[in-house]
Amino acid sequence: MSQVFLGMPAPGAGNLFAEEQFPAAAHRELGNTQLRANLRHATHTIRDKRIRVVGELPDWEALRDAGSAIKDASMANLDQRLEEFEKNFTARGGIIHWARDADEANQIVTRLVRDTGSDEVVKVKSMATQEIGLNEHLEAQGIAAFETDLAELIVQLDHDKPSHILVPAIHKNRTEVRDIFLREMPQVDPALTNEPAKLAEAARLHLRKKFLSAKVAISGANFALADTGTLGVVESEGNGRMCLTLPETLITVMGIEKVLPNWQDIEVFMQLLPRSSTGERMNPYTSLWTGVTENDGPQNVHLVLLDNGRTRALSDKFGRTALNCIRCSACMNVCPVYERTGGHAYGSTYPGPIGAILSPLLTGIEAEENNSLPYASSLCGACYDACPVKINIPEILVHLRGEDVDSKRGKKLLPTQMDLLMKGGSWALSSGNHLGLLEKALPLGKLVAGKDKKIKKLPGIAAGWTSSRDLPAPPSKSFRDWWKSEKEGK
Amino acid sequence: MRIALFATCIVDAMYPETAKSTVKILERLGHEVIFPAGQACCGQMHINSGYMPEALPVVENHVKAFERSDYDVAVAPSGSCVSSVKHQHPVLAKRLGKPELKERAEAVGAKTYELSQLLTDVLGITNAAEQLGSYFPHTITYHPSCHGMRTLGLEDRQLNLLKSVGGITVEELPEADQCCGFGGTFSLKNSEVSSAMLDDKVKNICSTGASLCAGGDVSCLMHIGGGLSRSGQRPGTMHLADILASTREMEVAL
Ligand code: SF4
């Protein structure tokens with residue numbers, strides 16, 4: 001992206017783009033029946049678990065309100081919160097690096113790793129580093145990055161892309177995972193079965209050596225607490241904890257929106273996050289660190305604070321609450337579109353409902369094919385209902401559709417069918433008289449319908465409808481006309 | 001009570017019987033129904049497709065039509081259009097920098113009810129057979145449309161009304177809370193994903209053995225009905241208002 005936005009904060013780069021229009025990508029993914037079966041099973045299981053544990057809390061709605069309010073307050077003074085965090089983190093021996101975009105962040109991390117003299121790193125599962133394409137960048141610089149989260153490891157070994165933010169390998173079933181391990185793990189037991197315990201054991205053996213030898217770890221962070229200068233990672237497997245404690249150098253890459261005002265705020269988020277993401281009351285491992293502790297854990301502690309379009313998203317007053325996202329993944333687990341297309345259809349690191357708003361907010365609606373993402377929703381609202389910080393995703397989707405339509409005004413030579421439909425519709429539907437006049441033509445619909453009073457084939461964009469649905473023949477008289485003759489005697 | 005009917009454009013043009021049924025039910029209860037003449041559409045199609053300036057005259061027209069007439073409450077046989085009136089109109093006005101329209105839209109929205117909401121919360125209907133004389137001796141199932149369920153929070157209002165109809169059997173719809181895939185222009189722009197969602201809805205409806213699927217939004221019912229019809233399955237669809245309007249004397253045919 002070489003576009004210059006005057007007066008508009010810089011757009012994000014990295015893995016934030018749909019590479020093709022969503023309907024085309026969805027067409028491909030819908031054809032993969034194995035994928036659909038895996039996704040259906042996985043999303044439904046996690047949905048049920050989430051509903052069960054959320055239902056246990058009588059104050060769930062109050063917690064959601066609190067989460068949303070804390071995030072709003074934090075975002076309203078983000079600059080001050082970040083400076084406060086920097087001061088406290090630095091005072092405890094941590095070193096802060098500010099990165100404007102993906103490129104800068106990648107360069108900073110590369111330099112920090114090089115400075116240690118190491119050519120390999122272990123990684124804690126992190127969305128920010130996926131977003132900036134850090135693994136690929138490091139590889140190109142001759143530094144090997146080893147994912148240690150089981151699902152990330154599977155995806156990495158398969159040279160694939162994550163398709164879910166919490167369960168990156170959700171599109172693979174157990175047998176597929178076994179096959180990947182047999183193919184890609186050098187010393188794996190050739191008799192490996194597809195039992196989850198056996199697969200986990202194979203991964204553990206594979207990773208153990210890395211944990212013990214790695215000098216550098218790279219992580220993301222779930223939150224940063226401004227008043228104490230503390231960073232936190234929430235995880236299930238404990239592999240993250242190993243990375244965060246064993247190596248000498250720890251480099252964390254975190255989006256600037258993750259900062260919370262107070263230590264006390266984690267009380268709210270530690271209740272919201274595990275329940276919303278894995279459907280557990282509590283996650284097994286929560287690691288918190290504040291700068292450097294002498295002779296305990298990493299002695300070189302860095303934090304790369306990443307903008308990459310976040311300031312841009314923050315400047316959009318109708319879209320900025322998307323930055324309140326705590327990456328729990330509840331919205332994609334309940335999304336009927338995601339359930340059918342999977343995460344790859346969205347192109348970006350962030351799939352599902354949150355991805356459909358966050359990616360275009362970070363990059364700008366006109367970037368690559370991101371303008372198709374806000375339409376990847378029936379606006380059913382299941383995401384908004386599930387979101388622990390109450391991001392009104394449907395409303396932001398609609399807002400971004402408006403941005404998309406506005407961005408094209410005056411640029412096209414010919415109006416699209418949709419433009420014409422909307423222009424005509426605006427005339428017809430903005431007056432009872434106009435609509436009444438058009439309704440006089442309703443009997444004509446009978447001409448299009450078959451003997452069974454059904455319309456089975458329509459041209460143009462309406463063909464999308466008749467590809468799988470009939471349309472009833474219209475009535476001969478509108479309600480409006482009936483009312484006039486019956487009730488008003490006209 | 002003087003009740004203003006917002007027929008909604010799709011009911012007005014495609015499903016006039018549903019508006020007539022709404023009038024019938026309310027008149028049966030002794031209320032006066034008026035039809036504000038200038039009304040046309042809530043503008044949701046334009047708003048949800050991103051055509052905000054084009055939506056503006058549609059929204060302005062609705063607000064004008066419903067602030068001009070003299071009535072106690074307004075009602076529409078649609079959860080989706082009522083959601084738009086209550087929630088989208090003020091948001092659109094704000095986006096387009098029209099604070100005065102926002103206020104007027106909020107005033108109209110506050111007086112507007114979805115049918116089951118009006119019947120249950122305002123008119124105190126808890127038993128359709130007894131209070132409305134509703135009679136419909138068939139086995140049905142019920143799809144709760146998303147905007148009514150989630151944006152308006154209708155909960156079981158529609159279902160409870162249906163269950164209290166005389167002679168009716170209501171079979172539970174598996175995965176009822178899942179969207180049917182309509183989504184307005186979503187069904188055109190992303191027609192394949194929409195169809196995949198519809199497929200599952202159709203399968204679930206057929207699995208109940210019901211003769212028809214009832215609901216509170218003709219747009220979703222048109223979508224579901226279109227899928228059922230295309231797949232050659234027996235069940236049809238019918239709006240809640242038409243079932244409530246059906247009586248022993250004047251039974252509505254399947
Ligand atoms: S948008 Fe809400 S539900 Fe979706 S991942 Fe973010 S916090 Fe979770």
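To find a chain, count down the sequence lines: A is the first, B the second, and so on, and within it residues start at 1.
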Below 4.5 Å, heavy-atom pairs only: which of [options] has the largest tally toward chain A?
options                             : answer
B:Glu60, B:Glu17, B:Met149, B:Met45 : B:Met45
B:Ile224, B:Leu92, B:Val33          : B:Val33
B:Arg150, B:Gln178, B:His223        : B:Arg150
B:His87, B:Met197, B:Met52          : B:Met197

Using non-hydrogen atoms and a 4.5 Å limit, figure out which bit of [X] sits close to chain B: side chain, backbone, both or neither.
X        : result
A:Glu29  : neither
A:Ser467 : both
A:His44  : side chain

Stepwise side-chain contact (heavy atoms from CB on, under 4.5 Å) check, A:Asp419 with B:Tyr51: CA-CA 8 Å; A:Asp419 292 341; B:Tyr51 288 76; 2.4 Å; yes
Polar side-chain atom of B:His46 near backbone of A:Ser426 as donor-acceptor pair, under 3.5 Å: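 Here the side-chain-to-backbone pair exists.
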B:Arg230 side chain vs A:Thr466 backbone, donor-acceptor pair below 3.5 Å: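 Indeed, once roles are kept as given, a pair shorter than 3.5 Å links the two residues.
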Among A:Gly425, A:Gly402, A:Gly445, residue most engaged with chain B (heavy-atom pairs, under 4.5 Å):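 Going by pairs under 4.5 Å, I would pick A:Gly402.
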CG on B:Leu188 to OH on A:Tyr375, rounded to 0.5 Å: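 These two atoms lie 13.0 Å from each other.
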Which answer fits [X], side chain, backbone, both or neither, if we ask what part of it has an atom under 4.5 Å from a heavy atom of chain A?
X        : value
B:Asp177 : neither
B:Ser194 : both
B:Ala7   : side chain

Neighbour count above 12 (heavy atom, 6.0 Å) for B:His31 NE2: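 Yes, NE2 of B:His31 has more than 12 neighbouring heavy atoms, counting only those of other groups under 6.0 Å.
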Neighbour count above 12 (heavy atom, 6.0 Å) for A:Lys456 NZ: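 Buried by this count: over 12 neighbours within 6.0 Å.
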Test: A:Glu403 and B:Arg95 ion pair at under 4.0 Å: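 A salt bridge is present here (some side-chain N lies under 4.0 Å from a carboxylate O).
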B:Glu175/A:Arg40 ion pair, N-O < 4.0 Å: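 Looking at A:Arg40 together with B:Glu175, the answer is yes, because their closest N to O distance falls below 4.0 Å.
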Check: A:Arg469/B:Ser187 side-chain N/O donor and acceptor closer than 3.5 Å: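 Note: A:Arg469 and B:Ser187 side chains miss the donor-acceptor criterion.
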Salt bridge (charged side-chain N to carboxylate O under 4.0 Å, His left out) assessment of A:Glu486 paired with B:Lys24: CA-CA 13 Å; A:Glu486 286 295 308; B:Lys24 257 186 232 163; over 6 Å; no
Taking every non-hydrogen atom, the tightest pair across A:Lys487 and B:Glu27: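 Taking every non-hydrogen atom into account, NZ-OE2, 2.7 Å.
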Parallel, tilted or perpendicular, as decided by the 30° and 60° cut-offs, for the rings of B:Phe182 and A:Trp465: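 Ring orientation of A:Trp465 relative to B:Phe182: perpendicular.
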side-chain contact (heavy atoms from CB on, under 4.5 Å) evaluation trace for A:Arg401 with B:Ile47: CA-CA 9 Å; A:Arg401 292 176 186 187; B:Ile47 296 172; over 6 Å; no
